[in-house]
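Scroll down for the structure; my scribbles are underneath it.
Letters A, B, ... mirror the listed sequences (proteins, then strands); counts begin at 1. In what follows, every heavy atom counts, from backbone to side chain, and hydrogens, waters and symmetry copies are set aside.
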There are 2 protein chains.
Amino acid sequence: MSSTLQDSSACDPLNAHPFDRAIALNAIAPNATGGSDFRAIATPDYWNLVGPFGGMTAAMMLNSTLVAANRLGDPVALTVNFAAPMALAEYQVKTAIARTNRTTQHWTIELQQEAQTIATASAVFALRRQSWHHQEVTMAADVPGVESLQPLDRAAPMPWFKQYDLRPIRTLGSTREPQVSTHAWIRDEPARALDFASLTAICDTVMPWMFRRRKQMIPVSTVSLSVYFHVSGTELAAVGAQHVYTRSYGQICHSGFMDSNAQVWSREGVLLATTQQMMWVKE
Amino acid sequence: MSSTLQDSSACDPLNAHPFDRAIALNAIAPNATGGSDFRAIATPDYWNLVGPFGGMTAAMMLNSTLVAANRLGDPVALTVNFAAPMALAEYQVKTAIARTNRTTQHWTIELQQEAQTIATASAVFALRRQSWHHQEVTMAADVPGVESLQPLDRAAPMPWFKQYDLRPIRTLGSTREPQVSTHAWIRDEPARALDFASLTAICDTVMPWMFRRRKQMIPVSTVSLSVYFHVSGTELAAVGAQHVYTRSYGQICHSGFMDSNAQVWSREGVLLATTQQMMWVKE
């Protein structure tokens, strides 16, 4: 780190939440596009088998736009394409503003290590405003309360599991239904107020439908992840550090790829985000 | 057009299908990323109120990767972000290969006019291979046959409607259901064998769920569109110029934005593509 033009990292490295350490950007230089070139160091807390789990990479990339003083409003859509595993080492993020309109702003983002692309992303930001409001879907009435469920054993092999209080709901989404689904309550561990970055990561914590349908774990790897945000920053802040409920399902697995869809809900039944991904499947 | 290093346009401008004219790229120069810089001229056939309808812009951008001699396999995921309306004029497309792996390849794409960004996109290509196959969803058994339905009046105000034989299925997806849906059979008009570019465009032809729920048309505009392709090029070619069936639904409209999801099926019940978009809503 030879130069630090601006320090975006609000975190004290000793006392900060592991999530804030993981997304922290250490050195920033503005670039000609209105975006910035960042340098940062990967932290091991959210590691999966190879590299951080996809949700963390997505959160890192979104964060590089969230910290921009010239960003317009809140994120409404994010897509991240995963090109290669990230190493536990320094990484660079380059953001570019493709266009700023009156109420929307378009960003592109690239994450590199050793001059090789690890992931690409795009984000649409917008100034939200009053409009017709309608939820076509509602949170199932039979979702058991958080307190009635046991957290997943955090001695699980993947480090990233340890960073969540994840409570699978095994009574919902039976394989006897035509479309199997997986359900859970989740929050950061230790508890942390939900924001767009942590909501993005949570979108990738759902158990893929295929594991339940096939009654076994098969190696999978996300190639493309999209998140649609359905609340403003103010509305999201109201969730605080409470658990959110995730419901995940899918439509098809064919020729080495499967889709996965999910909804993320607040305890009050507000649909915070919807997400979909395309995953590579080993067999 | 001062130089034409390679002519990707297989189309005779007088006799070609309007779709092929609309996606044709006229002048190409390879660039340092492994991608190319293209120039082309917009055609009016697929026009919406301002600019071509989003599906056509998405098809144009995907086509810039499909024509690449160095592309790896078939597209599995495409995301297009719409930054500004396209003018009926010359446009430039720049593609870049972000990374090529053993079985996957990552592209980024930008479409510009007058040095301003009109749209950005990313595409993941892959070599498909045998794996577990399963469709969690099946085509509804009560979908009426194409021949039993009337094509939409092609004297509709938007030019792009004239380029499709679009047959809405009004007997499915009642507003009395908790989640309203819209249904149609569609093919290019004149008939044209389905390929990845035309399938992409068709993903954006579905009637948004909101129009049916509110029983009125409200101005909407796609800000981000993703398409997941669930068949190989060979499997797609088997559809030929037959109609495909689209089913569309959504989850939420809030603070000026709504989501929209759709499935595209062959007559034989093969799920060809799934798609989602985030739309700006006027009111």
Does any heavy atom of chain A fall under 4.5 Å from the side chain of [X], the backbone, both, or neither of them?
{"X": "Asn101(B)", "answer": "side chain"}
{"X": "Gln251(B)", "answer": "both"}
{"X": "Phe229(B)", "answer": "backbone"}
{"X": "Ser224(B)", "answer": "both"}
{"X": "Ala98(B)", "answer": "both"}
{"X": "Gln116(B)", "answer": "both"}
{"X": "Gln105(B)", "answer": "neither"}
{"X": "Ser226(B)", "answer": "both"}
{"X": "His106(B)", "answer": "side chain"}
{"X": "Val76(B)", "answer": "both"}

Only heavy atoms, only distances under 4.5 angstrom. Which residues in residues 265-274 of chain B are near chain A?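 Answer by number: Leu271(B), Thr274(B).
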
Among the listed options His230(A), His133(A), Gln179(A), Arg129(A), the residue most often paired with chain B at heavy-atom distances under 4.5 Å: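 With the most close heavy-atom pairs to chain B, the winner is Arg129(A).
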
Residue among Thr103(A), Val180(A), Thr138(A) with most heavy-atom pairs under 4.5 Å to chain B: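 Answer, by heavy-atom pair count under 4.5 Å with chain B: Val180(A).
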
Could you tell me which residues in residues 210-219 of chain A have at least one non-hydrogen atom under 4.5 Å from a non-hydrogen atom of chain B, sorted by residue number?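 Residues Met210(A), Arg213(A), Arg214(A) are the ones that qualify, each having a heavy atom under 4.5 Å from chain B.
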
